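All values derive from a computational prediction rather than experimental measurement. The analysis underlying the following values was restricted to heavy atoms, covering all of them including side chains, and did not include hydrogens, waters or symmetry mates. All chains are named by letter (A, B, ...) in the order of the sequence lines, taking the proteins before the strands, and each is independently numbered beginning at 1.
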Amino acid sequence: MAAQTIFRTLLDRPNIISSKYQAKQLHAQILKLEPSSPIHLSRLISIYSNFNLLHESLLLFNALHSPPVLAYKSIIRCYVANGLLVQSVALFLQMRASGTKPDHHVFPSLLKSCALLSDLKLGESIHGCIIRLGMDFDLYTCNALMNMYGKFQKAFAAMDSFSNKFRIESAHDQKVTLNQTRYIFPKTNANSTILDQCYRKRNCSDMVEVDRRGSLMDSVKKVFEKMLKRDVVSWNTVIAGNAENGKYEEALMLVREMGNDNLKPDSFTLSSVLPIFAEYVDLHKGKEIHGYAMRHGFDNDVFIGSSLVGMYAKCARVEDALQVFNILPQHDSISWNSIIAGCVQNGLFDEGLRFFHQMLKAKVKPVPVSFSSIMPACANLIALHLGKQLHGFIIRVGYDDNMFVSSSLVDMYAKCGYIKVARWIFDRMDVHDMVSWTAIIMGYALHGQACHVVSLFEQMEMEGVRPNYVSFVAVLTACSHAGMMNEAWRYFNSMTQNYGIVPGLEHYACMADLLGRAGKLDEAFELISSMHRPAEGIWLSLLSACRVHKNVDLAEKVAENIFEVDPENTGAYILLSNTYAAAQRWKDVARLQYLMRNKGIKKSPAFSWIEVKNKTPAFVSGDKSHL
DNA sequence: ATAGGGTTAG
């Protein structure tokens with residue numbers, strides 16, 4: 001009798017069960033005393049699922065004839081926690097079919113499942129169900145709804161930059177039935193099951209539909225505005241949703257507004273806001289947030305730490321990034337990635353590699369981001385041996401199907417001179433986004449294979465991937481090097497007319513270079529003069545073309561333009577002097593050299609270096625000591 | 001029960 005009271009108390013106050021062991025003891029008691037009470041079994045399921053014991057929960061659940069809401073809800077949540085998303089949805093449908101009315105505890109985890117599945121239609125129909133049941137004012141449910149719509153919008157934006165090859169394929173693959181079995185499906189990789197993958201394909205076509213209807217951030221806003229009571233999670237959710245979808249000003253405005261609700265920004269708020277200032281390269285505002293975080297004791301938070309590292313790195317303050325990183329009490333794979341990427345993005349390749357090794361030594365498992373962050377270090381150091389070693393590592397851990405990782409490999413192999421390997425990897429990727437297209441195009445451009453560049457660029461456009469600023473740099477570089485004047489003009493015009501991209505310095509430089517080498521010096525001069533604020537470098541390259549074509553008159557005009565902003569530009573003096581020399585105008589050469597001596601302008605010697613047998617000797621021009 | 005940080009091309 002006493003035992004019975006004890007286990008009843010335990011069941012009524014499930015929180016006092018503090019270990020899996022105690023839960024199993026309770027289970028034994030129930031089996032002894034009331035083995036078939038659905039209420040007690042459901043409570044036990046709830047306890048088991050709180051410990052994330054899916055197997056134990058399912059064993060009990062499967063034995064129930066008509067499971068109560070509590071049992072359904074517990075299993076659904078446990079499914080989601082274990083990444084068994086389709087199963088969680090299937091069980092919800094089964095629950096509806098059985099006539100069991102869901103309570104408001106079911107929806108938050110179910111909506112999370114929809115968000116992770118990126119299944120818009122499903123999410124919206126569950127939203128409908130929530131409204132019909134009158135649960136659209138529940139705080140937790142609304143928070144989960146806003147999170148879901150924000151995630152949909154993000155997934156949709158990502159899909160937009162993919163090739164539509166994937167979308168076309170998925171149009172034939174829409175029949176995914178939700179079977180109601182409660183099996184745990186074999187996992188194909190860390191987080192997804194076979195069914196999950198079917199789902200992911202189906203969503204792509206769902207997403208196309210969103211295109212016609214506009215932003216899902218409107219849905220987030222709608223839910224937010226209708227809420228009667230909002231807690232800090234509500235605010236953080238809507239702020240993060242806006243921040244993640246590029247609505248930076250909206251997000252920052254909401255941060256200011258949350259004070260009116262008597263809610264103060266917490267560590268979640270800050271970690272959503274910091275990436276905005278990183279994107280804006282606003283060191284001042286970023287530091288303000290850093291100060292706020294320190295005053296509120298958030299600076300130990302690994303989330304805040306990672307975003308601070310990222311912010312400082314974006315603002316080219318590697319020293320500050322390192323300091324933030326070093327005082328963090330704990331490092332997870334994301335904070336390691338922040339510092340690795342921070343170093344690499346600022347050209348500190350060796351430091352980046354050192355941190356990568358330290359991460360491995362600290363037994364932190366690298367994730368795909370780790371590899372896509374470190375690979376540019378190999379690419380820029382032209383360290384093929386290292387890149388290959390990492391590639392092997394990538395294959396062994398099964399990250400070679402990741403788009404970011406593959407793109408970085410394409411770039412690395414191309415930069416190391418292995419364009420065929422780069423192409424081989426590119427061809428084996430199942431989706432290409434604009435960056436991966438640009439990487440392979442740039443690879444061929446670097447290798448001077450303009451015909452490949454042009455055909456790949458066309459292929460990219462045909463697959464519905466919008467080229468951006470960098471893509472045009474790549475294609476124009478190739479045209480310029482190959483002397484393809486007509487194609488270059490076509491792309492230059494297409495960039496502005498078809499894509500609305502304002503040509504920048506690099507594009508003008510390609511065109512000017514091309515015109516200059518073709519001897520169309522006046523045309524080049526005209527083009528450069530039409531620029532908003534021509535940089536010195538671009539004038540210098542035209543000046544160099546003037547030297548090649550011995551056009552002294554234009555050279556003088558160009559040099560004048562340079563001296564206007566930089567009267568002591570060494571390169572300009574030397575190029576102009578060389579132009580005079582090429583035209584055999586020796587008096588002018590002497591005059592210039594006299595001027596240079598008077599102004600104290602000296603040519604600094606050029607040098608280059610090369611790796612030979614693990615040593616890297618430098619060669620200063622005119623140096624014959626190595627011979 | 002619900003919310004946050006890091007990635008690839010110049």
Applying a 4.0 Å non-hydrogen cut-off, can you work out what A:Met146 is touching in the nucleic acid: base, sugar-phosphate, or nothing?
nothing
Checking side chain to side chain contact (heavy atoms under 4.5 Å, CB included) for the pair A:Leu84/A:Leu54: CA distance, chi angles, key distance, verdict?
CA-CA 10 Å; A:Leu84 298 162; A:Leu54 181 62; 3.4 Å; yes
A:Ser272, nearest nucleotide to its side chain (from B:dA9, B:dG4, B:dA3)
B:dG4
Base B:dG6 to side chain A:Ser306, donor-acceptor N/O within 3.5 Å cut-off
no
Nucleotide nearest A:Asp433 when distance is taken to its side chain, options B:dT8, B:dA9, B:dT2:
B:dT8
Look at all strands and tell whether A:Ser109 reaches a base, only sugar-phosphate, or nothing, counting heavy atoms closer than 4.0 Å.
nothing
On the ring face of A:Phe224, is A:Arg230 found with NZ or CZ under 6.0 Å from the centre and within 45° of the axis?
yes
Looking at A:Asn143 and B:dA1, is any side-chain donor or acceptor paired with a base atom of the opposite kind under 3.5 Å?
no
At under 4.0 Å between heavy atoms, what does A:Ser338 touch on the DNA or RNA strands: base, sugar-phosphate, or nothing?
sugar-phosphate
Side-chain atoms of A:Val470 come closest, of B:dG10, B:dT8, B:dT2, to B:dG10
Do A:Trp336 and A:Phe356 have side chains that get closer than 4.5 Å, going by heavy atoms?
no
Counting side-chain heavy atoms from CB outward, which of B:dA9, B:dG5, B:dA1 is closest to A:His105?
B:dA1
From NZ of A:Lys73 over to C1' of B:dT2, roughly how many Å is that when rounded to an integer?
14 Å
Which of B:dA9, B:dT7, B:dG6 is nearest the side chain of A:Ser373? It is B:dT7
Looking only at side-chain N and O atoms, does A:Asn147 come under 4.0 Å of OP1 or OP2 in B:dT2?
no
Rounded interatomic separation in angstrom, taking CZ from A:Phe404 and C1' from B:dT7:
6 Å
Please work out if A:Ser267 contacts a base, only the sugar-phosphate, or nothing of the nucleic acid, heavy-atom cut-off 4.0 Å.
base
Can you identify which nucleotide, out of B:dG10, B:dG6, B:dG4, has its nearest atom closest to the A:Lys415 side chain?
B:dG10
Distance check needed: B:dT8 P versus A:Asn468 CG, whole Å only.
14 Å
Would you say A:Lys151 reaches B:dT2's phosphate, i.e. side-chain N/O to OP1/OP2 under 4.0 Å?
no
Pair of N/O donor and acceptor under 3.5 Å linking B:dG5 base with A:Asn337 side chain
no
Before accepting this row, confirm whether a basic side-chain N of the pair A:Asp136/A:Lys226 lies closer than 4.0 Å to the acidic partner's carboxylate O.
yes
With rounding to the nearest 0.5 angstrom, report the CZ to CD distance, A:Phe472 to A:Glu506.
13.5 Å
What about A:Ser372: does its side chain form a donor-acceptor pair under 3.5 Å with the base of B:dT7?
yes
Minimum-distance nucleotide (side-chain atoms of A:Met442 versus B:dG10, B:dG5, B:dG4)
B:dG10
Minimum-distance nucleotide (side-chain atoms of A:Tyr140 versus B:dG6, B:dA1, B:dA9)
B:dA1
Hey, is the side chain of A:Gln345 poking within less than 4.0 Å of OP1 or OP2 on B:dT8, counting only N and O atoms?
yes
Give one of base, sugar-phosphate or nothing for A:Tyr469, where a contact means two heavy atoms less than 4.0 Å apart.
base
How is A:Thr237 classified with respect to the nucleic acid when contacts are heavy atoms under 4.0 Å: base, sugar-phosphate, or nothing?
sugar-phosphate
Among B:dT7, B:dG5, B:dA1, which is the nearest nucleotide to the side chain of A:Val302?
B:dG5
Using a heavy-atom cut-off of 4.0 Å across all strands, would you classify A:Val238 as base, sugar-phosphate, or nothing?
nothing
How many angstroms lie between NZ in A:Lys112 and CG in A:Asn147, if you round to the nearest 0.5 Å?
8.5 Å
Quick note, A:Phe303 side chain, CB onward, closest among B:dA1, B:dG10, B:dG4 is B:dG4
